[in-house]
Amino acid sequence: MKVLVVGNGGREHAIAWKISQSPRADRVFVAPGNAGTAKDVENIEIAADNITELVAFAKQNEIGLTVVGPEIPLCNGIVDAFEDAGLKVFGPSRAAAQLEGSKVFCKNVLRAADVPTADFQEFHSAEPAERFINERYSETPDDCPVVIKADGLAAGKGAIVCSTREEALEAIDIIARQKQFGDAGNKMIIEDRLQGIEASILAITDGQTILTLPPAEDHKRAHDGDTGPNTGGMGAYCPTPSIDDKTLRWVESNVLVQTVHVMKRKRNPFRGILYAGMMMTPQGPKVLEYNVRFGDPECQPLLMRLKTDFLDLLEATVDRRLSEIGPLQWDERPSVCVVMASDGYPGKYEKGKIIRGLEEAAAIEDVKVFHAGTRLDDEQNVVTNGGRVLGVTALGDSVATAKLQAYKAIKCIRWDGAWCRKDISDKAITLSR
Ligand code: AMP
Ligand code: GLY
């Protein structure tokens, strides 16, 4: 079968690499891909949001299955367009993708499904939101633990975590007056700020059967010790000991199953990857948000461990016969993915720096270097082309060994301005003590 993967990040490299291991995958294309996917599979020059051209390519080339990585094409209806053209495609419909595309929609589904989440209020303009904050925190301006979120997609930057009333008012201004996230800020929610440990719990579902994947932990802040600005994710590992089996089963029955049922009852069935961003609070697990796709970088350590044929799994989901797949098979060994980034990320950074040492890194046992922001220049050098550049991923007998292997590979890789966090997965080690 010929397969098309849509996207150009580390997640899509991992998806394409894993699919290409299936004996049933004859050719794997990535649109538009990066230097890593150019090497492992085949790139085609169509942007991930160019739905019309992607449909045309899939038709002309008899693509048997298309797998969509990022949220923007999903929220723009890529799955509906492929299905209308009679093409098989993995991912939720536009209507179901609203779970990620609209925070208000997501919160209403969580409410209807009776899933624990932070209390929230919805606002459609700045004034009532400011009034709410001013009244509720009139006595305690220095203690205002809220999170203010733009309703729509904002490249992971639309949630502003606040501690004081001043910060909350500034966040409202950014979202609803300055419109820094554009139309995504036409609505917003203000919710209680929760305390606890975060975990990413992903499941694959055909709308009927739900298979939960091992829990992972992302590292969203730029610097060691979870300090610095928020990023798309500086590294992840799997499984995380912050979620034991009992908690995972609880989340499966009380969060994932309930949500999938409500979506079905709303005649809006969810198929694809349902990713619950969870906070483990002293009152129990609560959902912070849903994503409707694999997490990036969580996808990289997850797929590094998957032993079940990934193409079979994706196709069974699309064909609504996931119940036939049975329990997923995983490598027992944990995995750690460390993101190498460009100098300046998540702010401004330069592109086009030549990356060296990739072959030496690839030669290290149990290591896979997934590419994110890379491309091939005219001389076929691999050069940087984004903020998050590589996701160096390793397996090990323990989290500590996997971490060591990943950092050993990182030592081989260099470019002008390369950096990474040094503490990815350390929480696993502290938690298991
Ligand atoms: P979201 O875009 O909803 O995933 O939020 C991005 C990040 O903001 C999350 O990963 C959390 O670190 C933080 N966050 C979101 N909602 C809350 C909340 N209610 N309490 C505390 N932190 C939150
Ligand atoms: N790693 C966070 C995300 O993919 O949204």
Side-chain angles (χ1 to χ4, degrees), residues 7 9-12 14-15 69-72 74-75 97 99-107 110 115-121 144-163 167-168 171 175 181 184-185 188-202 213 215-222 226-238 240 242 273-283 285-303 337-339 341 346 370 372 387-388 391 421 424 427:
R11 165 182 52 209
E12 288 76 23
I15 292 172
E71 62 276 17
I72 291 177
L74 291 168
C75 291
L99 266 185
E100 177 165 0
S102 164
K103 303 273 187 207
V104 171
F105 179 91
C106 176
K107 281 292 200 177
L110 289 170
V115 170
T117 184
D119 283 340
F120 76 101
Q121 306 269 339
C144 174
V146 295
V147 183
I148 310 210
K149 299 182 176 181
D151 177 58
L153 292 181
K157 300 195 181 85
I160 306 178
V161 180
C162 310
S163 303
E167 284 171 4
I175 294 172
F181 310 114
M188 70 191 138
I189 59 171
I190 299 184
E191 67 178 34
D192 292 345
R193 180 173 162 182
L194 304 174
Q195 300 286 352
I197 295 178
E198 282 186 53
S200 309
I201 302 186
L202 283 75
L213 315 185
E217 188 188 344
D218 188 9
H219 295 64
K220 288 217 171 81
R221 301 292 204 96
D226 292 334
T227 56
N230 251 322
T231 70
M234 297 304 298
Y237 68 95
C238 149
T240 165
S242 65
I273 297 289
L274 184 60
Y275 162 157
M278 303 292 304
M279 184 78 95
M280 301 298 131
T281 77
Q283 294 77 38
K286 295 192 180 184
V287 173
L288 292 178
E289 62 157 354
Y290 271 126
N291 294 319
V292 298
R293 46 160 178 93
F294 272 109
D296 190 339
E298 292 95 324
C299 181
Q300 291 83 314
L302 271 166
L303 292 187
C337 168
V338 181
V339 169
F370 294 113
R388 291 192 293 169
R421 268 180 73 159
I424 301 301
K427 248 180 269 164

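For ligands, and for the atoms within them, numbers begin at 1 and follow the listed sequence. The first residue of the sequence shown is numbered 1, and numbering continues consecutively from there. This structure is a prediction, so every number in the text was calculated from the model and none was measured.
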Just jot down the ligand 1 atoms closer than 4.0 angstrom to any heavy atom of K220, in number order. 10 (O)
If you measure from each non-hydrogen atom of E298 to ligand 2, which part falls under 4.0 Å: side chain, backbone, both or neither? side chain
Determine whether more than 12 heavy atoms belonging to other residues, nucleotides or ligands lie under 6.0 Å from atom CG of L288. yes
The side-chain contact (heavy atoms from CB on, under 4.5 Å) partners of S102 (sequence neighbours excluded) come to V104, F105, D151
Taking salt bridge (charged side-chain N to carboxylate O under 4.0 Å, His left out) as the definition, give me every residue that meets it alongside D226, ordered by chain and number, with sequence neighbours left out. R421, K427
Is ligand 1 less than 4.0 angstrom away from at least one heavy atom of M279? yes
Please work out, at 4.0 Å between heavy atoms, whether the side chain, the backbone, both, or neither of L194 comes within that distance of ligand 1. both
Shortest protein contact, atom 2 (O) of ligand 1 (heavy atom only): K103 NZ, 3.2 Å
Of all the atoms in ligand 2, which lie at a distance below 4.0 Å from a heavy atom belonging to N291? 5 (O)
Below 4.0 angstrom from a heavy atom of R293, which ligand 2 atoms are there? Numbered from 1 as shown, please. 3 (C), 4 (O), 5 (O)
G295 heavy atoms within 4.0 Å reach ligand 2 at atoms 4 (O)
Just do the salt bridge (charged side-chain N to carboxylate O under 4.0 Å, His left out) check on E191 and K107 with the steps written out, would you? CA-CA 10 Å; E191 67 178 34; K107 281 292 200 177; 2.9 Å; yes
Heteroatom distance test (R193, ligand 1): nitrogen or oxygen, under 3.5 angstrom: no
Test item, S200 contacting ligand 2 (heavy atom, 4.0 angstrom): no
Can you tell which part of Q195 has a heavy atom less than 4.0 Å from ligand 1: side chain, backbone, both or neither? neither
Taking distance alone, with no angle check, do V161 and ligand 1 share an N/O pair under 3.5 Å? no
Contact check: E191 vs ligand 1, nitrogen or oxygen atoms, below 3.5 angstrom: yes
Does D192 have a heavy atom less than 4.0 Å from any atom of ligand 1? yes
List the closest protein heavy-atom neighbour of atom 17 (C) of ligand 1: residue, atom name, distance to the nearest 0.1 Å. L288 CD2, 3.4 Å
To the nearest 0.1 Å, how far is atom 5 (O) of ligand 1 from its closest protein heavy atom, and which atom is that? A159 CB, 3.4 Å
Between I160 and K149, is the side-chain contact (heavy atoms from CB on, under 4.5 Å) condition met? List the steps. CA-CA 6 Å; I160 306 178; K149 299 182 176 181; over 6 Å; no
Out of E289, E198, K149, whose heavy atom is nearest to atom 15 (C) of ligand 1? K149
For L302, which of C238, C337, S200 qualifies under side-chain contact (heavy atoms from CB on, under 4.5 Å)? C238
With side-chain contact (heavy atoms from CB on, under 4.5 Å) as the criterion, how do R193 and V161 come out once you've worked through the C-alpha distance, each side chain's angles and the decisive distance to 0.1 Å? CA-CA 7 Å; R193 180 173 162 182; V161 180; 3.6 Å; yes
Any N/O of D218 closer than 3.5 Å to an N/O of ligand 2? yes
Please identify which atoms of ligand 2 are closer than 4.0 Å to at least one heavy atom of Y275. 1 (N), 2 (C), 3 (C)
